[in-house]
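First up is the structure itself, then whatever we jot down about it.
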Amino acid sequence: MNSERIEEITVLSGKNRAGEPENFDEIIIRPGDTLSIVGPTGSGKSAFITDIEIFARNDTATGRTILVNGAHPPEDYIRDPAKKPVALITQNTKCLADLKVSEFLAMHIRSRGIVKPGLIETTIDLANEFTGEKIHPDRKMTALSGGQTRSLMVADAITISDTPLILLDEVENAGIFKDRVIETLKEYNKALIFVTHDPMVSLMSDRRIVMKNGGVSDVLEPNGREEEALLRVIELDRALCRMREQIRAGEMICSQGSP
């Protein structure tokens, strides 16, 4: 990583597909912030986080510009993967390297020049907090399920890449414990942007960016006004999780008390 501490990342507005200005001037993202990006399929959600991931400079279709600490980012943030302060994890993340999990993590640690005993074990332990399918160090990366892969990538971004900003593109549909991911990222003071259709993720976010026709149509800040709705959604989500585990275990769901 570059030695400069990242205090904030700023998104300067662009335009939607009709060429109309977006409904914001700037969005400032600081360590510990949690944002969700919502909107219909094809509304521009993934394009928003892609602009951040590549540090757009009014050179994409959206016309947005991304600043780091109020200025254009250094070139190595863009060109050098080892120094990039942003990690993008998508639902389609796959690993083609035929390595054991421990070997894959060791390779990443060496590539970043990190000397920290126990980092492999720490990363795997953290990943196992995000998935119900335990990840073993000797398991081949190519044999991991989608949920295991995404959980490992999130843990890797926290402990090894140590990026201040993590972008998650609809990964809550890939078998990870989304509430635990959000709680952990807050504990590590990471900024998090979720592209999501999930009500629970949206309600757990500090801000909600609403997309329409390729541009930002609104930025909502609930400021605690949705707390009652969040508690209800958490209750429903836990009931669904219990039912899901019962079904996986081969049990019949035949009484009102089962969930």
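Position 1 is the first residue of the sequence; numbering continues from there.
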Between Phe55 and Tyr77, which heavy-atom pair has the shortest distance, and what is it?
CE1-O, 3.9 Å

Inspect the contact between Arg5 and Glu7 and indicate whether a charged nitrogen and a carboxylate oxygen are less than 4.0 angstrom apart.
yes

So for atom CD, which belongs to Glu187, do other residues, nucleotides or ligands contribute more than 12 heavy atoms lying within a distance under 6.0 Å?
yes

Which value, rounded to the nearest 0.5 Å, describes the distance between Ile109 atom CD1 and Leu119 atom CG?
4.0 Å

Would you call Glu235-Arg232 a salt bridge at under 4.0 Å N-O?
yes

Roughly how far, to the nearest 0.5 Å, is OG of Ser202 from CG of Leu230?
10.5 Å

Is there a donor in the side chain of Asp51 and an acceptor in the side chain of Thr60, or the other way round, less than 3.5 Å apart?
yes

Is there a continuous path of hydrophobic side-chain contacts, each under 4.5 Å between heavy atoms, that joins Val38 to Ile182?
no

From CE (Met153) to CD1 (Ile160), nearest 0.5 Å:
8.5 Å

Interatomic distance, Ile37 atom CD1 to Lys45 atom NZ [nearest 0.5 angstrom]
9.0 Å

Take Leu99 and Lys140 through the test side-chain contact (heavy atoms from CB on, under 4.5 Å) and record every step on the way to the result.
CA-CA 5 Å; Leu99 298 172; Lys140 290 289 186 72; 5.9 Å; no

salt_bridge(Asp162, Lys190) N-O dist < 4.0 Å
yes

Under the side chain to side chain contact (heavy atoms under 4.5 Å, CB included) test, which residues partner Asp80, sequence neighbours left out?
Asp76, Ala82, Lys83

Single-linkage hydrophobic cluster, 4.5 Å side-chain cutoff, Ile28 and Ile49 together
no

Heavy atoms only: give me the nearest Ile124-Ile135 pair and the separation to one decimal.
CG2-O, 3.6 Å

Evaluate the side-chain contact (heavy atoms from CB on, under 4.5 Å) criterion for residues Val195 and Phe48: first the C-alpha distance (whole Å), next the side-chain angles of each, then the deciding distance (0.1 Å), finally the verdict.
CA-CA 9 Å; Val195 172; Phe48 188 94; over 6 Å; no

Determine which pairs satisfy salt bridge (Lys or Arg N to Asp or Glu O under 4.0 Å) with at least one residue from residues 13-42, sequence neighbours left out, and list them in order.
Glu8-Arg30, Glu22-Arg64, Asp33-Arg207

Assess whether salt bridge (charged side-chain N to carboxylate O under 4.0 Å, His left out) is satisfied between Lys186 and Asp206, documenting all intermediate values.
CA-CA 11 Å; Lys186 284 181 174 292; Asp206 304 317; 3.6 Å; yes

Go through the structure and list residues passing side chain to side chain contact (heavy atoms under 4.5 Å, CB included) with Arg110, not counting sequence neighbours.
Ala106, Met107

Atom CZ of residue position Phe24 - does it have more than 12 heavy atoms of other residues, nucleotides or ligands inside 6.0 Å?
yes

Hey, quick one: are Val201 and Leu220 part of the same hydrophobic cluster, counting side-chain heavy atoms closer than 4.5 Å, chains of contacts allowed?
no

Test log, rule side-chain contact (heavy atoms from CB on, under 4.5 Å), inputs Ile89 and Arg150:
CA-CA 7 Å; Ile89 302 166; Arg150 252 71 80 195; 3.9 Å; yes

Salt bridge (Lys or Arg N to Asp or Glu O under 4.0 Å) pairs, two or more places apart, involving residues 208-217
Arg208-Glu226

Step by step, work out the side-chain contact (heavy atoms from CB on, under 4.5 Å) result for Ile27 and Leu35.
CA-CA 10 Å; Ile27 295 173; Leu35 290 80; 4.1 Å; yes

Rounded at 0.5 Å granularity, tell me how far OG1 in Thr123 sits from CG in Leu105.
5.5 Å

Residues Glu75 and Arg79: closest non-hydrogen pair is OE2-NE, 2.7 Å

Could you tell me which non-hydrogen atom of Val233 sits nearest to which non-hydrogen atom of Pro199, and how far apart they are?
CG1-C, 4.4 Å

List for me each residue that meets side chain to side chain donor-acceptor pair (under 3.5 Å) alongside Thr122, sequence neighbours excluded, and say none if there are none.
none

Value rounded to 0.5 Å, distance of OG in Ser43 from CG in Asn213:
9.0 Å

Apart from Leu236 itself, what residues make up its hydrophobic cluster when side-chain heavy atoms of I, L, V, M, F, W and Y under 4.5 Å apart count as a link, directly or indirectly?
none

Linked, directly or transitively: Ile78 and Val11 (ILVMFWY side chains, under 4.5 Å):
yes

